[in-house]
Engineer: 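To start, I am sharing the structure in question, which I have written as structure tokens.
Not measured: the values here are computed from a predicted model.
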Amino acid sequence: MERHEFGAAVRLLRENTAPESVGLPAGGRRVRGLRREELGDLAGMSADYVRRLEQGRSHPSAGVVNAIARALRVRRADYERLCALAGYAAAGGQVPTDLGPGALRLLESFPDTPMFVSDAAMNLIAVNSAFLALEHWDLTGSRWDWNVAWRTFCDPFDGFQQSQTDATDHQTILVTQLKSALLRYPTDAPLTELVDELRTRSRLFDTSWRAPRPVEAYQSTATFLHPEGAPVALAGSLLAIPGDDLAALMLTATPGSADAFRLAEVVGAADGPAVVRVGRSGPG
């Protein structure tokens, strides 16, 4: 019964959503509200799946509920009702940006391993001295410069090279992380703006957002081109810090390799504080 009620609620909201209210043209229409194809396109799903949802033939995940609510730009009350009909608690709140004690201890515990901590929206929060030693990311800038996804899809780094396979893995991880963040924090305005900007400015991101690939491992390899030394190939592993809803990226070289030797040289020449908090926690 609830599955059919959820479908009926989605159909009613779709048919009562003015196209112009979600950025679509209103002219030349023979039906009221949005077409299923339009809702599917806005929510990143097929029109056939929207039809099955409305007919009560498929049970939505929490991510699907949030995607539909966001696509239709529904009111909070309507969003909470959709969640209740689908059997989920309504999410909300803002993306946490505080560097908690767990994340701080992690950064301090690996002084010889380049590492940074980011929030759920992939905004840089803090880095350790080993990461700064790579001279990969200049801690200055404005607007989106602190966001890993933005720098990957819209403003790539010069001193950062990946194979096509590793680049695809890296992009897949970022899209998955942002989709998960939007599921947990659907009312976070900077996060919503970030996703909208990425979808607008990067065709690659928009394509990946509409048809995400499964993540096989939260790891990819890249070559860092240090301005005063030989290139260093490092594997980046993304680790969740659940208590703070943050993530840490650790960069490691193959033990005993020439890359490990070069990394030790670069990190050994570093000075300054063990942990540096990024001055601006995110875009905006």
Side-chain angles (χ1 to χ4, degrees), residues 41 44-46 63 67 113-124 127 130-138 141 143-183 191 194-240 247-267 283:
D41 187 56
M45 60 191 68
S46 69
T113 302
M115 187 186 310
F116 70 70
V117 169
S118 60
D119 65 18
M122 301 309 295
N123 298 310
L124 224 63
V127 302
F131 182 81
L132 288 179
L134 293 175
E135 298 188 28
H136 167 60
W137 198 324
D138 185 13
R143 193 64 175 164
W144 313 108
D145 289 347
W146 303 99
N147 188 272
V148 182
W150 180 264
R151 294 307 302 264
T152 299
F153 288 96
C154 297
D155 188 16
F157 294 101
D158 293 331
F160 183 78
Q161 296 178 347
Q162 288 186 298
S163 68
Q164 185 58 57
T165 298
D166 280 306
T168 299
D169 289 344
H170 181 54
Q171 293 155 6
T172 299
I173 291 168
L174 293 175
V175 171
T176 301
Q177 290 293 103
L178 287 180
K179 273 187 170 288
S180 177
L182 201 58
L183 166 64
L191 173 59
L194 170 66
V195 172
D196 287 344
E197 286 289 327
L198 283 166
R199 295 191 66 182
T200 299
R201 301 197 185 193
S202 171
R203 179 174 296 180
L204 176 59
F205 180 87
D206 185 60
T207 300
S208 300
W209 186 267
R210 292 170 185 269
R213 305 179 185 89
V215 176
E216 296 182 0
Y218 283 82
Q219 179 175 305
S220 65
T221 300
T223 298
F224 292 79
L225 308 178
H226 192 276
E228 298 180 3
V232 183
L234 301 174
S237 301
L238 194 65
L239 309 176
L249 184 80
M250 300 181 70
L251 296 167
T252 57
T254 302
S257 66
D259 290 302
F261 177 76
R262 287 194 291 270
L263 177 61
E265 283 188 324
V266 170
V267 172

Engineer: Would a 4.5 Å heavy-atom cut-off, applied to side chains only, mark Phe160 and Arg151 as touching?
Structural biologist: no
Engineer: Can you tell me how far apart OG (Ser202) and CG (Asp155) are? Round to the nearest 0.5 Å.
Structural biologist: 12.0 Å
Engineer: Are the side chain of Thr207 and the backbone N or O of Arg203 linked by a donor-acceptor pair below 3.5 Å?
Structural biologist: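 The answer is yes, because a donor-acceptor pair under 3.5 Å joins these two groups.
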Engineer: Are any side-chain N or O atoms of Asp166 and backbone N or O atoms of Thr221, one a donor and one an acceptor, separated by less than 3.5 Å?
Structural biologist: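 Checked: pair present.
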Engineer: Inspect the contact between Arg262 and Asp259 and indicate whether a charged nitrogen and a carboxylate oxygen are less than 4.0 angstrom apart.
Structural biologist: yes
Engineer: Which value, rounded to the nearest 0.5 Å, describes the distance between Leu124 atom CG and Trp146 atom CH2?
Structural biologist: 7.0 Å
Engineer: Rounded to the nearest 0.5 Å, how far does CH2 of Trp209 lie from CG of Leu178?
Structural biologist: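 If we round to the nearest 0.5 Å, Leu178:CG and Trp209:CH2 are 6.0 Å apart.
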Engineer: Just to verify, which of Leu263, Leu134, Val232 counts as forming a side-chain contact (heavy atoms from CB on, under 4.5 Å) with Leu251?
Structural biologist: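 Exactly one option meets the side-chain contact (heavy atoms from CB on, under 4.5 Å) with Leu251, and it is Leu134.
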Engineer: Between the side chain of Asn147 and the main-chain N/O of Ala121, is any donor-acceptor distance below 3.5 Å?
Structural biologist: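 Yes.
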Engineer: Between OG1 of Thr176 and CG of Leu238, what distance do you get to the nearest 0.5 Å?
Structural biologist: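 Rounded to the nearest 0.5 Å, the OG1-CG separation comes to 10.5 Å.
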Engineer: Apply the test side-chain contact (heavy atoms from CB on, under 4.5 Å) to residues Thr152 and Gln171: give CA-CA distance (whole Å), side-chain angles for both, the deciding distance (0.1 Å), then the verdict.
Structural biologist: CA-CA 8 Å; Thr152 299; Gln171 293 155 6; 4.2 Å; yes
Engineer: In Å, rounded to the nearest 0.5 Å, how long is the span from CG of Leu194 to CH2 of Trp144?
Structural biologist: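 Rounded to the nearest 0.5 Å, the CG-CH2 separation comes to 5.5 Å.
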Engineer: May I ask you to decide if the ring planes of His136 and Phe157 are parallel, tilted or perpendicular, using 30° and 60° as cut-offs?
Structural biologist: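 Plane angle between 30° and 60°, so tilted.
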Engineer: Going through the distances and angles, do Phe153 and Val175 end up as a side-chain contact (heavy atoms from CB on, under 4.5 Å)?
Structural biologist: CA-CA 10 Å; Phe153 288 96; Val175 171; 4.0 Å; yes
Engineer: Rounded to the nearest 0.5 Å, what's the gap from CG on Leu239 to CG on Leu249? Could you check?
Structural biologist: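 So the gap between those two atoms works out to 8.0 Å.
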Engineer: Apply side-chain contact (heavy atoms from CB on, under 4.5 Å) to residues Leu198 and Cys154 and explain how you reach the verdict.
Structural biologist: CA-CA 7 Å; Leu198 283 166; Cys154 297; 3.9 Å; yes
